[in-house]
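Note that ligands are numbered from 1 as they come in the structure, with each ligand's atoms numbered from 1 the same way.
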Amino acid sequence: MKIKLLSVLILAFVLFGCESSGSSGTQRASAGNQAPNHFNTPLKTVYQDYFPIGNIVNNNYLRGDFFEILKTHFSVVTSENNMKPDHLGPRERGGNYNFAPADNQIRIMAENGIRMHGHTLIWHSQTHRWMTEGTPEQVRENLVNHINTVMAHFKGRVTSWDVVNEAVRERVNPGENYELWRNHLRQESGWFKALGADYIDLAFRTARAADPAVTLYYNDYNLDNSRKAQVVANMVREINARYRSEGNTRNLIEGVGMQAHYGLTTSVPNVRASIERFIALGIEVSISELDVEVRSVGSGSFGIGHSRRLSDMEQRQQAIKYAELFSLFKQYKDHIARVTLWGIDDEHSWKSLGNPCLWDARLQPKQAFFAVANPTEALGIDENH
Ligand code: 9MR
């Protein structure tokens, strides 16, 4: 591998091309107008021999340029919010479920050949309080009813589900025993408080029974951190081993979703180590919520509407990180089931302050877009050497 000046020049040309392209618009956003021909190829086509490329869908994205970008570049989507427990489930025990927004999204996506990943069944956040209040028996029943109701409703239209989301604490401290994964679960989770660590196994067993055709995922962030990855791997290993010891030939947890909310300082070797750790368990990995913040912002500053124009240096650093990540993902194509980006443009990203997306606020493709479209070239790697 060697750095080629030519590649750097091409990237610079691409940047020049998109910055001078003036007005926003779908054609330009998705086709890059003045860019060399191969950049016009939709991302889903670029990666067709590797893995499906995804993004999120929300009601904003169902129209106009957003929708054009979704249709052009992505073959799978995750509903940003509309399949979460608080959006679907009733505000009070016994109330009605609201499936309409998610149904609408699935219908429109299906009409355009885009598949839907389910996000998410059991989570400590975005979940109505009543679901985790009451006796353990009641909470258990709420969990089972919720999974059964939701999975039955979406049967045949959603082929993989995040069954449990973010059960492990944000940070796992050094020097602790990672085998004892139960000690690292979020204590603040209403599910944990009512049912202890067993809620995880219960959720997955319920989901398996509700729809055996679905691939069941555990989804979490900070999984590039080797300590947290070890905790999750130990949890998956134990739950799957017990399930198999009962005579089942299939794993109960069949995939780990690495959310991949990354930044410029994310270590790509760490990401690689975690991917290897998970596939060593005999399960698949999905990169489930990828974004790369230029400037890391804390959770207190999350929200849409705060993007800004990036300097050339910032764009370039972000592009390189995206390119490094995608060239890594390509190496694991046999084990990576899906790479999903969390948002189309910087301005409407949940992490808008970090400007983490492939398109800018005017829906112009950023250097990051071109880096994803051709990571080899962005990194100046000569594939023949
Ligand atoms: O993008 C989502 C945002 O619109 C929601 O309001 C927010 C509330 O928690 O959740 C965001 O999505 C999160 C996802 O469901 C789970 N992983 C972290 C995501 C945000 O980075």
Side-chain angles (χ1 to χ4, degrees), residues 54-62 66 70 74 76-89 98 101-102 105 116-129 131-132 146 150 158 160-171 185-186 188-191 200 203 217-225 228-229 232 255-263 266 271 274 285-307 318 325 338-359:
N55 212 311
I56 50 175
V57 63
N58 54 43
N59 289 343
N60 272 340
Y61 285 1
L62 292 177
F66 291 123
L70 263 192
F74 302 101
V76 54
V77 291
T78 304
S79 183
E80 183 176 19
N81 285 300
N82 297 93
M83 290 164 80
K84 290 175 178 175
D86 65 341
H87 281 248
L88 289 180
N98 177 21
Q105 289 170 3
M116 179 78 87
H117 167 75
H119 173 77
T120 178
L121 292 167
I122 297 298
W123 193 14
H124 66 279
S125 178
Q126 292 194 267
T127 297
H128 293 303
R129 244 160 203 273
M131 291 183 79
T132 57
H146 179 72
V150 173
V158 170
S160 53
W161 266 104
D162 292 333
V163 178
V164 176
N165 193 39
E166 302 173 2
V168 177
R169 280 190 206 134
E170 179 153 332
R171 282 178 221 295
L185 297 180
R186 282 178 190 272
E188 78 271 24
S189 162
W191 301 112
I200 298 174
Y217 268 82
Y218 175 76
N219 191 52
D220 212 332
Y221 61 99
N222 284 355
L223 294 182
D224 52 319
N225 177 289
K228 188 159 175 177
V232 169
V256 165
M258 296 177 66
Q259 289 186 9
H261 293 293
Y262 293 150
T266 295
V271 176
S274 291
V285 168
S286 281
I287 306 301
S288 56
E289 306 182 10
L290 177 63
D291 50 14
V292 177
E293 286 180 292
V294 170
R295 188 177 34 155
S296 178
V297 294
S299 54
S301 309
F302 290 167
I304 65 168
H306 305 292
S307 69
Q318 184 182 46
L325 287 165
R338 169 174 57 92
V339 176
T340 295
L341 293 145
W342 205 255
I344 293 176
D345 74 303
D346 286 346
E347 184 70 354
H348 297 87
S349 158
W350 172 241
K351 297 190 168 181
S352 60
L353 260 178
N355 292 262
C357 297
L358 304 188
W359 284 267

- request: With heavy atoms only and a cut-off of under 4.0 Å, state how D291 meets ligand 1: side chain, backbone, both or neither.
  value: neither

- prompt: Hey, are S79 and Q105 close enough side-chain-wise for a donor-acceptor pair under 3.5 Å?
  reply: yes

query: Hey, is ligand 1 close enough to H119 that some N/O pair sits below 3.5 Å?
result: yes

task: For Q318 and E293, test the side chains for any donor-to-acceptor distance below 3.5 angstrom and give the result as yes or no.
output: no

- prompt: Of all the atoms in ligand 1, which lie at a distance below 4.0 Å from a heavy atom belonging to E166?
  reply: 16 (C), 17 (N), 18 (C)

message: If I take atom CG from residue N219 and atom CE from residue M258, how far apart are they, to the nearest 0.5 angstrom?
response: 11.0 Å

query: Of all the non-hydrogen atoms in the protein, which one sits nearest to atom 18 (C) of ligand 1, and at what distance?
result: E289 OE1, 3.3 Å

message: Testing the 3.5 Å rule here: is there a donor-acceptor pair between the side chains of D86 and H128?
response: no

message: Within the structure, is a non-hydrogen atom of F302 found at a distance of less than 4.0 Å from ligand 1?
response: no

Worked check of ring pair (Phe, Tyr, Trp, His ring centres under 6.0 Å) between H348 and Y61: CA-CA 10 Å; H348 297 87; Y61 285 1; 7.3 Å; no

message: Quick check on contacts: which atoms of ligand 1 are under 4.0 angstrom from a heavy atom of Q126?
response: 7 (C), 8 (C), 9 (O), 10 (O)

query: Of the protein's non-hydrogen atoms, which lies at the shortest distance from atom 6 (O) of ligand 1, and what is that distance?
result: W350 CZ3, 3.6 Å

- prompt: How does W342 reach ligand 1, by side chain, by backbone, by both or by neither, if only non-hydrogen atoms under 4.0 Å count?
  reply: side chain

query: What protein heavy atom sits nearest atom 1 (O) of ligand 1, and how far off is it?
result: E80 OE2, 2.5 Å

message: Can you confirm whether the side chains of N222 and E170 place a donor and an acceptor under 3.5 Å from each other?
response: no

statement: In terms of its nearest heavy atom to atom 12 (O) of ligand 1, the top option of K84, Q259, H87 is K84

task: Indicate whether the side chain of N165 and that of Q259 have a donor and an acceptor atom separated by less than 3.5 Å.
output: yes

- prompt: Which protein heavy atom lies closest to atom 5 (C) of ligand 1, and at what distance to 0.1 Å?
  reply: N81 OD1, 3.3 Å

task: Report yes if the distance between the aromatic ring centroids of Y217 and H119 is under 6.0 Å, otherwise no.
output: no

